[in-house]
Amino acid sequence: MRKIVLFLLILTAAVSVNAQPTRRLQEQQAQKEAEKSPTAVTLSDRARSQYTAQTAMPTDLTWRRDIYRELDLKKEKNAALYYPEEPLGDRVNFFTLILNLILDGKIKAYEYRLDGNELFTPDNELDLESMLDKFYIDYKKDENGKYKIDIPSRDIGKYYIKESNYLDKLSNYQTKVTAICPVLMQGGYGDKPTAYPMFWLNYDEISPYLGQTQVMTSSFNNTTNMSLDDYFVMRQYEGDIYKTSNLRNVPLSEYCETDSALQAERARIEKQLLDFQNGLWNESEEKAVTDNSTSAQKEKKEAREPREPKQRREKAPKAPRQSASSGERLSVHR
């Protein structure tokens, strides 16, 4: 009996010794795979502020207007968001990057509401599996609870973005991207697929990760010389206006009945923004010129005017002379 117990103890120890290197190798392999992932980096709060090129929007604004644009990925300037269609080494396209960040729990996605507006609140956070089921995206979960899905990056044909144009208290005009929504192009009739907006992303949450992702923005220069964050901050994209923030919350297509009317309305809004911005600059320049001109005229006027002579000190009148003999004062007869 003792021999059997001793044999079992030796066998258990041998299995344990053999299992430890195997488990260690598996952990090392998993760590290497994680490091290859484009979302492997974990950012601290300090790093988040350093990696983004975009400044926070002040809360005390004197003027603001929100514009919604549609970025068609068939346009040359927007191709940086689409390519590579499939991962190429450590390079992935924009949708693959953000979906991996969502799957890893590093950023949050928010429901695309029926009114088309974004709402970045906890009760509007996206339920991931509901979204995957809604768009017929196959997925599996491994024993660690991580999702394994076939990312439909080829089917993302557009992005909706929200721009906030604002004026701070110092009269500085700024344009800031505040929200992004990927649009899935599927089905439809003929050669025109149907657009399905998937979810909204808060740009402030994703910008630190975009600051670490380099993209190629030119077919002539094939170097990855710009980060995705710079790409959005510097407005290297090209997008048509499809809605502005208004009291009735209606897109342009609701009141523009024809394509020509839609194009004319887009041009009118673009010109309105440009005229407002140029008007601010012209006012500043005119004020500076006016101030300089007034100062110069004042200096010339002072130079032309004769200076007032200094006042002479008035001498006290002399007392009348007295006679040396009699001591009487001399009188003046008129």
query = Under 3.5 Å, is there a donor-acceptor pair linking the side chains of Tyr82 and Glu85?
reply =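 A donor-acceptor contact under 3.5 Å links the two side chains.
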
Under 3.5 Å, which donor-acceptor pairs do the side chains of residues 232-240 form with other protein atoms, sequence neighbours left out?
residue, atom, partner, partner atom, Å
Gln236, NE2, Met234, O, 3.3
Tyr237, OH, Glu163, OE2, 2.5
Asp240, OD2, Lys75, NZ, 3.3

query = Quick one: ring-ring contact (aromatic ring centres under 6.0 Å, His included) pairs with a partner in residues 247-273, sequence neighbours left out?
reply =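 Matches after skipping sequence neighbours: none remain.
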
Residues two or more places apart in sequence or in another chain: which of them pass side chain to side chain contact (heavy atoms under 4.5 Å, CB included) with [X]?
X	result
Tyr139	Glu129, Leu132, Asp133, Tyr147, Ile149
Arg113	Asp115, Leu119, Asn124
Asn144	Asp142
Ala261	Cys256, Thr258

message = Between Met57 and Thr178, is there a side-chain heavy-atom distance shorter than 4.5 Å?
response =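 Yes. Closest side-chain heavy atoms under 4.5 Å.
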
ask   = In terms of side-chain geometry, is the basic nitrogen of Lys134 or Glu111 positioned less than 4.0 Å from the acidic oxygen of its partner?
value =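 No salt bridge links Lys134 with Glu111.
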
ask   = Under the salt bridge (charged side-chain N to carboxylate O under 4.0 Å, His left out) rule, what pairs show up with a residue in residues 249-260, not counting sequence neighbours?
value =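 Residue pairs passing salt bridge (charged side-chain N to carboxylate O under 4.0 Å, His left out), neighbours aside: none found.
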
key: For Lys271, all residues meeting salt bridge (Lys or Arg N to Asp or Glu O under 4.0 Å), sequence neighbours excluded   =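 Lys271 satisfies salt bridge (Lys or Arg N to Asp or Glu O under 4.0 Å) with Asp275 once adjacent residues are dropped.
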
query = Hydrophobic cluster mates of Trp200, side-chain heavy atoms under 4.5 angstrom, ILVMFWY only, any path?
reply =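 ILVMFWY cluster around Trp200 also holds Tyr68, Tyr110, Tyr112, Phe120, Tyr160, Val183, Met185, Tyr242.
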
message = Using a 4.5 Å cut-off between side-chain heavy atoms of Ile, Leu, Val, Met, Phe, Trp and Tyr, which other residues end up in the same hydrophobic cluster as Tyr136?
response =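 Hydrophobic cluster check, Tyr136: no partners found.
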
Contacts of Tyr231 that satisfy ring-ring contact (aromatic ring centres under 6.0 Å, His included) - sequence neighbours left out =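 Tyr231 satisfies ring-ring contact (aromatic ring centres under 6.0 Å, His included) with no residue once adjacent residues are dropped.
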
query = Partners of Tyr83 by ring-ring contact (aromatic ring centres under 6.0 Å, His included), sequence neighbours excluded?
reply =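 ring-ring contact (aromatic ring centres under 6.0 Å, His included) check on Tyr83 returns nothing, list empty.
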
